[in-house]
S.K.: 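Right, I'll just put the structure down here and ask away after.
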Number of protein chains: 2
Amino acid sequence: MHHATYPARAPLAPAFVEALSDRFRFECHLSESMRRQHGQSEAHFAEVLPDAVVFAATTQDVADCVALCAAYGVPVVPFGAGTSLEGHALPVRGGVSIDMGKMNRILAVNAEDFDCTVEAGVRREELNAHLRDTGLFFPIDPGANATIGGMAATRASGTNAVRYGTMREAVLSLTVVTADGQVIRTARRARKSAAGYDLTRLFVGSEGTLGIITEVTLRLHPIPETITSAVCGFDRLQGAVDTVVQSIQSGVPLARVELLDDRQIAAVNAWSAMALPEVTTLFFEFHGSPAGVAEQVETVAALAEANGGGAFAFSHLAEERARLWKARHEAYYAAINMRPGAVGWTTDACVPISRLPECILATRADIDAGSVPATILGHVGDGNFHVIFSIDPARPEEFEEVARINARLVERALAMDGTCTGEHGIGIGKQDWLEAELGDAVALMRTVKRALDPGDILNPGKIFRAEA
Amino acid sequence: MHHATYPARAPLAPAFVEALSDRFRFECHLSESMRRQHGQSEAHFAEVLPDAVVFAATTQDVADCVALCAAYGVPVVPFGAGTSLEGHALPVRGGVSIDMGKMNRILAVNAEDFDCTVEAGVRREELNAHLRDTGLFFPIDPGANATIGGMAATRASGTNAVRYGTMREAVLSLTVVTADGQVIRTARRARKSAAGYDLTRLFVGSEGTLGIITEVTLRLHPIPETITSAVCGFDRLQGAVDTVVQSIQSGVPLARVELLDDRQIAAVNAWSAMALPEVTTLFFEFHGSPAGVAEQVETVAALAEANGGGAFAFSHLAEERARLWKARHEAYYAAINMRPGAVGWTTDACVPISRLPECILATRADIDAGSVPATILGHVGDGNFHVIFSIDPARPEEFEEVARINARLVERALAMDGTCTGEHGIGIGKQDWLEAELGDAVALMRTVKRALDPGDILNPGKIFRAEA
């Protein structure tokens, strides 16, 4: 595994363990099995166990846990669904893993105001199931059935971002436990505000390093009257991207537009029993009124044809659409399962859309020059794409090769005025590039971190490279 | 005038004046006339003159000016177009007013990426004139022809926010001079990023208190194929708001929807030579394809009729639309000119939209119980509204009365989980309510301010109430 070593650490002070156990009783776990469940990630990072696991049921639980950790200088790492791809929830310096999964209540749905407030441990699929009868939905969809708190903490986005934005736009307000165990609310429920610093956006994407999110107020959107999905194959990547750019220029409000390369399509066909032509393919989704969707489809289909695309294959029925997007969401597993026993390593970059074909083609050439199988897919409307590598865990040289390809990919994206991560975050996997991307701005981020968490107890070892 | 007194201050140190004059030569001004131009606002606050005015032409000029101010502990206050309504650019503790008006170059337009980069002193109307041939536009429209830097610093929004968002969503990246005179860029040009803290959003809305914005990279949008405006009168406020809520629920992507009360309509009729029926009125704008706009209009007109609205009066032609929105934008002057010689005081609150009718009706009743003429208008799709008071400057008791009505309005909005300012910002006018709105979160804001500006030189005396 990559990143196989973590810093050595001292055991917890017995007085701390006693205080924690006294406060949380059966919700405080010290067993190896429970610690192991909170010491792994879905990605390629080696496991690292917390010293204790606490299940929080309320914001006050989180506040009390953080206050205890602050008093004893113990790291505290929030744990949601564990679906992060950059090791965010791994307790790399030990301490307490605070599991938010029991904070799963939907506290309020204000249908007329198009918002809701949920506890951080609510998962997005459960939220949408709950909302169905209101005619509203929560659009942000990173694929995994992540918790809303985790999605806020990592500034998640996904397939719908081109139309509905990311967690940056979706979050109206947060309840946060700060490093001293205080509870704050970052904003009121108004849809916009100019009242002071935008603390909401400061915490969204802060990866648990500035505070622990316990409640989230979210913007909701009306479920569209009509939803139609379609797939379209292209003979050239440039044609696919040009179709998307021209569609946006034409004012088509694409709800989803996903690019999958030929190898990813092959993997999807095998894993999800589809029979798509194995070429570069766009998955579309159109939202609107019946006439509006028909007009969108007509415009995009004409642009696709002019750019070397094939005929549209439509999925009008909800079951067909669900099957298509399930296949898209399972692309990660599909890719990894092309190579039995493989470990996945997904990377993530985002560039201005005009540079996307060049960035993807150069990356594909780099992959082809190596030996590790990989597929490419992406949220092409945002200029954001991923590479999924399938690594043989018995061959450490494959980790090294992927690390090199990943490094070149990130440097390529930065040279195009792009970012080293469009949506997966920094975690422990992208720290080497944060300074390359943002220079002295990172020193300012460190100043904010030191001001808000002077004891460095909140998810320490994330985002920032250890200072020399 | 309200807020007629500002803290006493020491004169600038002669060595500082000499150093500033040496560095900036003819761009450094000490004359009373130039200082007076930078010591006034469009609102009801008393004038307060800076000790010096510096015109910056480059980011390096701003950096050098801030570094000098830091070395001597002198306040530095950025000045854009001076159109703030809460006294943001008033140098309440003296020091240097740094005028950004000469930093008015459009540095790059990347049409295929739907973005551009401009210097902070570019004004929004000039930007849109420049963009016209690209088929793109910059939608954020606060009415005033403000600078882009000032709009970013105050998190401006306005009439298009219901569809296109506010400066929070519009800004992709900023170049900022920090309190020690360093220059940072907050993000790359990618449309989204999960790379570290969202410094862009931290500076957007920070009112010049954390850094001085010198360049802004903005998201642009395609100019819609069809734009249609319409006005519609209602017999009841509730019917107007219900029309808007139901339109949004129906998925209509309203581009603009503005509410003007009967008195505001009377003022607009007089000021702009219109002949609108003097009732509560909605101004709409619809963007889309011809068929899409026709469908939007049909849906909204049916909802309006069901909610007691009259017939739609359309403005299909560009000139008619321009006249309508010019009338809307001049609502402030129209209102004030209903009372010759009056001084304007505009307030701003934003509530969850379900509470908007109650909030507006209670505010109207409060106005009617007093003696100062006032009109109500608002960005009703966001739950944001303004009251424009026309005060006789010879009657100090009118300032007192407005201050009381304003206080009750803000308290009413806060009781509805709203905000004391939807878009005008805190400045010096809303400091008393920031803590009422956000409680302990304000202490966290102060921590951020102290960390990033330990000498308190960046626009001091704004946002935060003086600590006891």
Side-chain angles (χ1 to χ4, degrees), chain A residues 110 112-113 154-155 157 161 166 169 182 184-186 188-199 201-202 204-206 222 224-225 245 249 251 289 291-292 295 350-354 382-384 417-426 434 437-438 440-441 444-445 447-448 451-452 463, chain B residues 110 112-113 154-155 157 161 166 169 178 182 184-186 188-199 201-202 204-206 222 224-225 245 249 251 289 291-292 295 350-354 382-384 417-426 434 437 440-441 444-445 447-448 451-452 463:
Chain A
N110 304 295
E112 205 180 12
D113 296 323
T154 55
R155 205 182 297 130
S157 48
T166 73
E169 287 78 31
Q182 265 210 328
I184 62 163
R185 189 176 169 207
T186 58
R188 297 296 190 104
R189 205 158 57 77
R191 289 188 90 65
K192 64 181 195 183
S193 173
Y197 303 154
D198 192 346
L199 295 183
R201 253 49 60 179
L202 182 61
V204 169
S206 65
E225 193 183 354
V245 171
Q249 280 168 339
S289 65
E295 191 180 36
C350 187
V351 295
I353 194 170
S354 65
D382 301 312
N384 182 203
D417 215 355
T419 176
C420 68
T421 170
E423 56 182 20
H424 291 174
I426 299 291
L434 184 62
E437 178 170 334
L438 294 173
D440 291 336
L444 197 147
M445 291 183 198
T447 300
V448 171
L452 268 56
I463 298 184
Chain B
N110 304 294
E112 205 181 11
D113 296 323
T154 54
R155 203 180 300 131
S157 49
T166 73
E169 287 77 32
T178 58
Q182 266 211 327
I184 63 163
R185 188 176 171 209
T186 58
R188 297 297 191 101
R189 202 157 60 76
R191 289 188 91 64
K192 64 181 196 183
S193 174
Y197 303 154
D198 192 348
L199 295 183
R201 254 47 61 179
L202 182 61
V204 170
S206 64
E225 194 184 353
V245 170
Q249 279 168 341
S289 65
E295 190 180 37
C350 187
V351 296
I353 194 171
S354 65
D382 301 312
N384 183 203
D417 214 356
T419 175
C420 68
T421 170
E423 56 182 20
H424 291 174
I426 298 292
L434 184 62
E437 179 170 334
D440 291 335
L444 197 148
M445 291 184 197
T447 300
V448 171
L452 268 56
I463 297 184

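Since we're looking at a predicted model, the values are computed, not measured. Values reported hereafter were calculated over all heavy atoms of this structure, with side chains retained and with hydrogens, waters and symmetry mates removed. Lettering follows sequence order; numbering is per chain, from 1.
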S.K.: Would you mind checking if B:K192 and A:D382 are paired as a salt bridge, meaning a charged N to carboxylate O distance below 4.0 Å?
M.R.: yes

S.K.: Name the option with the most non-hydrogen atom pairs under 4.5 Å to chain B; the candidates are A:A194, A:G418, A:A190.
M.R.: A:A194

S.K.: Of all of B:G251, B:G205, B:S206, B:C420, which one pairs up most often with chain A through heavy atoms under 4.5 Å apart?
M.R.: B:S206

S.K.: What part of B:E225 gets closer than 4.5 Å to chain A, counting heavy atoms only: side chain, backbone, both or neither?
M.R.: neither

S.K.: With chain A as the partner, which of B:T421, B:T186, B:I184, B:I426 has the greatest number of non-hydrogen pairs under 4.5 Å?
M.R.: B:T421

S.K.: What option among B:V351, B:L452, B:L202 has the most heavy-atom pairs under 4.5 Å with chain A?
M.R.: B:L452

S.K.: For A:E295, which atoms come within 4.5 Å of any heavy atom of chain B: side chain, backbone, both, or neither?
M.R.: side chain

S.K.: Heavy-atom pairs under 4.5 Å with chain B - which of A:P352, A:C350, A:A451 has more of them than the others?
M.R.: A:P352

S.K.: Let's test your reading of the structure: which of B:A195, B:G425, B:P222 forms the most heavy-atom pairs below 4.5 Å with chain A?
M.R.: B:A195

S.K.: Under 4.5 Å from any heavy atom of chain B, what part of A:S354 do you find: side chain, backbone, both or neither?
M.R.: both

S.K.: Count the heavy-atom pairs under 4.5 Å between each of B:D417, B:D113, B:T419 and chain A, then report the option with the highest count.
M.R.: B:D417

S.K.: Any salt bridge linking B:R188 with A:E437? Criterion: basic side-chain nitrogen under 4.0 Å from a carboxylate oxygen.
M.R.: no

S.K.: Hey, is the main chain of A:G422 close enough, under 3.5 Å, to the side chain of B:R191 for a donor-acceptor pair?
M.R.: no

S.K.: Top residue by heavy-atom pair count (under 4.5 Å) with chain B, among A:D440, A:T447, A:L434?
M.R.: A:D440

S.K.: Relative to chain A, which segment of B:I353 carries a heavy atom at a distance below 4.5 Å: side chain, backbone, both, or neither?
M.R.: both

S.K.: Of all of B:R189, B:E112, B:H424, B:E169, which one pairs up most often with chain A through heavy atoms under 4.5 Å apart?
M.R.: B:R189

S.K.: Checking A:I463 against chain B: side chain, backbone, both or neither under 4.5 Å from a heavy atom?
M.R.: side chain

S.K.: At a heavy-atom distance under 4.5 Å, which candidate from A:A161, A:S289, A:P224 has the highest pair count against chain B?
M.R.: A:S289

S.K.: Calculate, to the nearest 0.5 Å, the distance between atoms CG and CE belonging to B:D198 and A:M445 respectively.
M.R.: 8.5 Å

S.K.: Are the side chain of B:R155 and the backbone N or O of A:G196 linked by a donor-acceptor pair below 3.5 Å?
M.R.: yes

S.K.: Nearest 0.5 Å please: distance from the CG atom of B:L444 over to the OH atom of A:Y197.
M.R.: 11.0 Å

